[in-house]
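Let me begin by presenting the structure, written as structure tokens, before commenting on it.
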Amino acid sequence: MSVNVGIDAIRFYTSNYFIDLRTLAAVRGVDPDKYMLGIGQDKMAIPPPDEDIVTMGASAAKSIIDRDGKDRIELLLFATESGIDQSKAGGVFAHGMLGLPARCRTVELKEACYGGTAALQLACAAVARNPSIRALVIATDVARYELASPGEPTQGCGAVAMLVTANPRVLAIEPEHGLFTSDVMDFWRPNYRDQALVDGKYSTRVYLQALQECWKQYREQSGRGYGDIHRFCYHLPFTRMAEKAHERLAKDSGIDLTDEQLDQQVGPSLAYNRITGNSYAASLYVGLACLLDTESEDLAGKRIGLFSYGSGCVGEYFSGLVQPGYRERLFTHEHRAMLENRTELSYRQYEDIYNLPFPTDGGTHTFSRYRTGPYRLAGVKEHKRLYETVS
Ligand code: COA
């Protein structure tokens, strides 16, 4: 008999700093409607110098650990495409900061924005094999493109932590899925660069192609169709992409989609991303957290369809069933408070932070204190990152 496995808790974290895209549009000489309407973004989250993928990931996970404890967490999967070390997994730093049990398998996963889904599915498989353990998935990224490039307004940052268990209390992940891997160069970042390279228009086309293939397989494998899914979440490089994806999926399913249906079926997952920007591996799950937090209708018993896409590329379509009582497990108030209390940056401040070099000389460097979550990157010494808990 198969075991019911999935997401028992989900917590989102982002930087306390953002730049308004109207500010960026004015400096770049672009009509702000291109950003607000054309790509569907209002603000982008900017990590200060003492925030990185590890502090964001650990900050997302801390609320879950504080509430649900750390016992039986035997697997920590840390998904990112903005890794800070070629050798050591970012998850091992997070493991130490969170004080997790030493009896734990910890590893970092990468496949562009798909990494978080790989981590979630592998965690589900591990828990299905041994339902007595729990797994912690952390998806965390900083999206960074060249200044004044087409990708610039789609930058952002954030992390999502998910506790994966048997008999989950938020979302049971169903076993059927559609998969697609294809060796393409739509977005990549060689090890010697700290900004992504992207063929943006091409990447949107491959995204849609991957969606079509995955959706076809999902339908064949599950015997379900468009009408069996209540709400839809998509990987969110920018929110307009999700709308385009949903239009394509509906068309392929023979549905004549109205604007109202589009808004109802996809809209509730977009609000957080609109004001934080892309967080690569975390982005689909920022959308899921947003849907669960902001949808006024009780989703208990309803099916959510999820499409994950990572450039390069790998796609996956899968689904989950929202569990009764899920609202009691959410961190809606924490998410709202975090997003409402952010500090706005001027263009000059954004550019200064963007251009600040990370020290690579092996010396001792102490980083200025900005507003962060419970953890911060205090400095670097002898090429070792020094993290501290914020009291
Ligand atoms: N008012 C309203 N809409 C406007 C506008 C205005 N004044 N000016 C432009 N737009 C619309 C365009 O018509 C276009 O809409 P469409 O895609 O429906 O045709 C949209 O805004 C974007 O404009 P475009 O000129 O195509 O933007 P761009 O070439 O500068 O960049 C991306 C768009 C997506 C290619 C770019 O943001 C990018 O490279 N992003 C990073 C890669 C990425 O996120 N890939 C996604 C897959 S993972």
Side-chain angles (χ1 to χ4, degrees), residues 19 21-22 24-45 79-82 110-118 139 141-158 180-189 193-214 233-251 257 259 262 266 269-270 273-274 276-287 306-317:
I19 179 168
L21 288 184
R22 280 172 297 215
L24 185 68
V27 175
R28 297 284 174 249
V30 169
D31 180 349
D33 280 351
K34 174 174 176 179
Y35 297 162
M36 315 270 160
L37 305 176
I39 64 170
Q41 294 300 121
D42 295 340
K43 298 171 181 173
M44 59 190 191
T80 188
E81 65 176 274
S82 23
K110 174 177 67 190
E111 171 27 49
C113 306
Y114 174 73
T117 300
D141 263 313
V142 176
R144 187 173 155 91
Y145 299 95
E146 284 179 22
L147 292 177
S149 69
E152 184 188 32
T154 69
Q155 294 177 121
C157 68
F180 182 76
T181 291
S182 175
D183 181 5
V184 293
M185 293 301 279
D186 59 331
F187 169 110
W188 67 106
R189 184 169 68 84
R193 287 182 61 95
D194 68 355
Q195 301 132 336
L197 294 164
V198 62
D199 186 342
K201 293 266 162 61
Y202 179 49
S203 77
T204 61
R205 286 200 302 275
V206 188
Y207 177 120
L208 294 176
Q209 186 196 349
L211 169 65
Q212 287 180 291
E213 182 55 35
C214 293
C233 292
Y234 293 88
H235 166 53
L236 295 170
F238 49 94
T239 65
R240 197 55 200 115
M241 187 72 230
E243 293 171 349
K244 286 180 183 216
H246 195 59
E247 284 160 358
R248 178 66 58 93
L249 187 137
K251 190 162 174 256
L257 191 71
D259 286 350
L262 177 66
V266 180
S269 66
L270 305 182
N273 187 280
R274 264 197 99 90
T276 58
N278 197 355
S279 52
Y280 292 159
S283 163
L284 171 63
Y285 301 97
V286 173
L306 298 110
F307 176 63
S308 181
Y309 175 76
S311 290
C313 71
V314 179
E316 177 161 352
Y317 202 96

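As the structure lists them, so they are numbered: ligands from 1, and atoms in each ligand from 1. Just so you know, these numbers use all the heavy atoms, side chains as well, and skip hydrogens, waters and symmetry mates.
Here Asp141 pairs with Thr80, Ser82 under the side-chain hydrogen bond (donor to acceptor under 3.5 Å, both in side chains) rule; sequence neighbours left out. Every side chain to side chain contact (heavy atoms under 4.5 Å, CB included) that Ile39 has, sequence neighbours left out, goes to Tyr35, Gln41, Pro153, Thr154, Phe238. Applying the ring pair (Phe, Tyr, Trp, His ring centres under 6.0 Å) test to Tyr234 and every residue at least two apart in sequence or in another chain returns His246.
No close placement of the Tyr309 and Phe180 rings is indicated, their centers lying 6.0 Å or farther apart.
Here Arg189 contributes atom CZ and Tyr280 contributes atom OH; the two are 8.0 Å apart, rounded to the nearest 0.5 Å.
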Are there any protein N or O atoms under 3.5 Å from the N or O atoms of ligand 1? List them with distances, or say none.
residue, atom, partner, partner atom, Å
ligand 1, 7 (N), Asp31, OD2, 2.9
ligand 1, 17 (O), Lys244, NZ, 2.5
ligand 1, 18 (O), Lys244, NZ, 2.9
ligand 1, 26 (O), Lys201, NZ, 3.1
ligand 1, 27 (O), Lys34, NZ, 3.4
ligand 1, 29 (O), Lys201, NZ, 3.1
ligand 1, 30 (O), Lys34, NZ, 2.7
ligand 1, 37 (O), Pro150, O, 3.0
ligand 1, 45 (N), Ser203, OG, 2.7

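Salt bridge status for Glu146 with Arg193: present, with a side-chain N to carboxylate O gap under 4.0 Å.
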